[in-house]
J.: 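Handing you a structure now.
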Amino acid sequence: MCGIVGYTGDREAFPILINGLKKLEYRGYDSAGIALEKEDGIVVYKTEGKVSRLEEMVKDKDLSSRTGIAHTRWATHGVPNAVNAHPHLSASGKLAIVHNGIIENYQVLKEALEQDGIPLKSETDTEILVNFIEKIKNETGKNLFEATQLALKRVVGAYAIVLMDADAPGRLVVARKGSPLVIGLGKNKDYIVASDASPIIAQTKTVYYLDEDEVGLLEPGKEMIIKTLDNKKVNPRLTELDMTIEELEKGGFEYFMLKEIYEQPKSVYDSMRGRIHPGKKIIRLGGIEPYENHILEADRIIMVGCGTSWHAGLVGEYMIEELARIPVEVEYGSEFRYRNPVIRPRDVVIGISQSGETADTLAALKLAKEKGALLLGICNVVGSSIARETHAGIYTHAGPEIGVASTKAFTAQVTVLLLLALRLGYLKGTIPRERYEALIEELAKAPDLIEKVLQTDLQVQQIARHYKDMKNFLYLGRGINFPVALEGALKLKEISYIHAEGYPAAEMKHGPIALIDENMPVVVIATKKGNYDKIVSNIREIKARNGRIIAIVTEGDKQVAALADHTIEIPEADEMLSPLLATIPLQLLAYHIAVMLGRDVDKPRNLAKSVTVE
Ligand code: F6R
């Protein structure tokens with residue numbers, strides 16, 4: 001939800017800011033803008049549309065400056081247009097702000113400004129915020145840093161902000177609550193600050209993750225000053241980034257999504273590395289080891305997540321219940337947080353999130369913490385808000401995921417959940433030794449199996465050609481592959497804008513079967529293990545109604561192949577592994593259809609990668 005970048009130092013700010021915005025565009029891309037410090041004040045350029053449009057707009061301008069801030073937006077307050085785009089200037093034109101988040105009490109702040117007759121140009125909460133900070137600054141005679149502290153104490157909502165002041169050249173003031181902000185410290189004590197580390201990595205690997213309710217002052221050549229809203233000094237603990245620039249580039253692929261689909265043998269391997277020891281038949285999850293007894297004694301596990309991460313949770317439910325016999329419930333973060341859920345101290349709540357910043361998941365976890373539950377996180381982004389909010393966790397280590405549609409993060413989450421289920425099952429003695437060992441061996445081979453599934457790419461592309469003009473799709477699966485059907489449908493709808501629904505196959509006859517005809521392709525996960533005969537019956541029911549079937553089957557399957565219009569084979573594996581394999585062709589199918597329809601695969605309309613607003 002919106003990407004922000006700021007730079008101050010001894011180098012030209014513009015190239016750093018614009019390249020930073022390009023890295024952050026996955027967070028929102030309906031408008032973009034930049035503010036640069038000039039000798040006679042702050043200049044702002046902003047436009048509706050993507051960062052490339054902003055770049056085009058400013059190409060003849062004098063952009064020389066060593067301090068600036070920039071923004072790529074996902075609209076919350078006000079339509080996406082140039083006026084509502086960030087940066088916003090205060091009424092005097094002296095302060096400029098970029099903001100990611102939502103100011104919930106903007107109406108109260110607005111009324112305070114209206115009483116003073118301060119004019120507003122946009123419909124945004126952000127313009128209100130910058131003017132409110134200026135009002136406090138003028139009224140108290142404090143500097144920008146202090147005025148920001150005072151103002152934010154009266155703000156309700158979520159924000160990551162970067163501010164500059166024409167009267168204090170070279171300085172940036174940063175603050176966060178609820179939305180992420182990372183400060184990079186360059187070699188010459190120059191500073192680059194951004195919503196995530198991706199714009200920073202090209203400049204420096206030394207960073208500080210600004211904490212909740214902290215305000216920072218960044219001035220080139222000087223130590224950063226970090227204080228709380230209550231003016232307590234904080235000693236910033238610097239960390240080193242462990243990502244590489246290559247991980248953030250497309251590496252010859254047309255889209256990040258395709259690159260990330262192809263990275264899955266490696267990302268699944270990375271999510272197991274150091275945790276699975278096939279020779280010794282052992283799984284160890286260092287991050288949660290101190291809490292293992294607590295988990296084993298839990299009355300139940302509740303998993304919370306949104307979108308694809310919620311689907312991973314559903315897969316995890318099957319795995320943990322089957323292998324460790326602990327009751328599991330899976331909840332949408334957004335529903336959980338608003339329905340006064342029953343949570344007891346013997347509950348373990350697991351937050352699943354690629355970004356680690358999803359507002360609804362984070363709020364659900366905070367609620368569970370208040371009620372005394374043990375919180376675990378399964379996050380991809382190291383140091384993210386959810387990773388820090390939880391008592392312990394297991395990072396997925398899938399590497400940066402840039403494509404808005406989640407792919408490798410999902411398979412990494414599923415891998416980590418299987419590791420967890422196996423570890424708990426082993427400790428509890430609920431899984432027969434033979435199966436435990438066989439599953440460890442199979443899981444260790446999963447990267448090779450995924451590699452093999454990726455070889456179906458061309459075939460999937462041909463199938464995509466047949467169906468790209470369909471208006472609706474149905475995805476069916478049973479058991480552990482029901483969430484895979486949901487995930488396949490989500491992938492298709494979000495990047496191709498084709499309506500798609502996922503169902504447990506047996507539910508079809510309770511309603512969706514009415515939709516079946518030759519214009520409603522049905523994608524069925526029909527692997528050998530797990531309810532195979534039942535799903536074959538479901539396929540017959542569809543064929544009897546002229547439905548067209550794309551089936552994901554186990555290698556060598558003849559029965560479904562004889563019924564389906566198209567079959568895509570995946571290697572034979574334990575049922576617990578089938579989500580890891582069956583998902584891949586569904587990702588590819590969605591990808592190819594979206595490309596054929598000319599969609600912007602990495603940046604689908606109306607979406608953003610990191611949903612830091614509710
Ligand atoms: C779908 C997708 C979203 C996210 C959801 C949660 O492809 O990307 O549905 O899965 O917004 O995001 P995280 O995992 O970052 O909490």
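Note that the structure is predicted; figures quoted are calculated from it, not measured. Indexing begins at 1, ligand by ligand and atom by atom, following the structure's order.
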J.: Out of Leu258, Ile261, Thr583, which one pairs with Thr407 under the side-chain contact (heavy atoms from CB on, under 4.5 Å) rule?
T.: Ile261
J.: Could you tell me which atoms of ligand 1, counted from 1 in the order shown, lie closer than 4.0 angstrom to a heavy atom of Ser353?
T.: 13 (P), 14 (O), 15 (O), 16 (O)
J.: Using a strict cut-off of 4.0 Å, indicate which atoms of ligand 1 neighbour a heavy atom of Gly307.
T.: 9 (O), 10 (O)
J.: Considering only heavy atoms of Ala405, which atoms of ligand 1 have at least one such atom less than 4.0 Å away?
T.: 7 (O)
J.: Give the residue, atom name and distance (to 0.1 Å) of the protein heavy atom nearest atom 8 (O) of ligand 1.
T.: Val404 O, 3.2 Å
J.: Rounded to the nearest 0.5 Å, what's the gap from CG on Leu449 to CG on Leu580? Could you check?
T.: 9.0 Å
J.: Taking distance alone, with N or O pairs closer than 3.5 Å, would you say Ile352 contacts ligand 1?
T.: no
J.: Note the single closest protein heavy atom to atom 4 (C) of ligand 1, along with its residue, its atom name and the distance in Å.
T.: Thr308 N, 4.0 Å
J.: Describe, in one word, how the ring planes of His566 and His466 are oriented to each other, choosing from parallel (under 30°), tilted (30 to 60°) and perpendicular (over 60°).
T.: tilted
J.: Thr411 and side-chain contact (heavy atoms from CB on, under 4.5 Å): which partner among Leu581, Val268, Thr396?
T.: Val268
J.: Give me the nearest non-hydrogen protein atom to atom 6 (C) of ligand 1 as residue plus atom name, then the distance to 0.1 Å.
T.: Cys306 O, 3.3 Å
J.: Any idea which atoms of ligand 1 are less than 4.0 Å away from a heavy-atom of Ser309?
T.: 10 (O), 13 (P), 14 (O)
J.: I'd like to check the ring pair (Phe, Tyr, Trp, His ring centres under 6.0 Å) partners of Tyr159; sequence neighbours left out, ordered by chain and number.
T.: none
J.: If you define the side chain from C-beta out and look only at heavy atoms, does anything of Glu25 sit under 4.5 Å from Lys603?
T.: yes
J.: Taking 4.0 angstrom as the limit and counting only heavy atoms of Lys491, give me the atoms of ligand 1 inside it, by number and element.
T.: 1 (C), 7 (O)
J.: Under 4.0 Å, counting heavy atoms only: does Val381 come that close to any atom of ligand 1?
T.: no
J.: Out of all atoms in ligand 1, which are within 4.0 Å of some heavy atom of Ser355? Include the element for each.
T.: 13 (P), 15 (O), 16 (O)
J.: Would Val349 and Leu374 count as a side-chain contact (heavy atoms from CB on, under 4.5 Å) if you check the C-alpha gap in whole Å, the side-chain angles of each, and the deciding distance to 0.1 Å?
T.: CA-CA 6 Å; Val349 178; Leu374 173 71; over 6 Å; no
J.: Rounded to the nearest 0.5 Å, what separates atom NE2 in His99 from atom CZ in Arg176?
T.: 12.0 Å
J.: Output the distance between atom NE2 (His499) and atom CG (Leu474), rounded to the nearest 0.5 Å.
T.: 9.0 Å
J.: Can you name the atoms of ligand 1, numbered from 1 with element, that are less than 4.0 Å from a heavy atom of Gln354?
T.: 13 (P), 14 (O), 15 (O), 16 (O)
J.: Can you pull out the closest protein heavy atom to atom 7 (O) of ligand 1? Residue, atom name and distance to 0.1 Å, please.
T.: Glu494 OE2, 2.5 Å
J.: Would one find an N or O of Gln413, backbone or side chain, under 3.5 Å from an N or O of ligand 1?
T.: no
J.: Got the closest protein heavy atom to atom 12 (O) of ligand 1, with its distance?
T.: Thr358 OG1, 3.4 Å
J.: What part of Glu357, side chain, backbone, both or neither, has a heavy atom within less than 4.0 angstrom of ligand 1?
T.: neither
J.: Could you check atom 11 (O) of ligand 1 against the protein and tell me its nearest heavy-atom contact, residue, atom and distance included?
T.: Val611 CG2, 4.0 Å
J.: Within the structure provided, determine whether Tyr29 and Asp600 are in side-chain contact (heavy-atom separation under 4.5 Å).
T.: no
J.: Using salt bridge (Lys or Arg N to Asp or Glu O under 4.0 Å), reason through Arg284 and Glu289 one step at a time and then give a plain yes or no.
T.: CA-CA 8 Å; Arg284 295 196 62 176; Glu289 232 158 59; 3.0 Å; yes
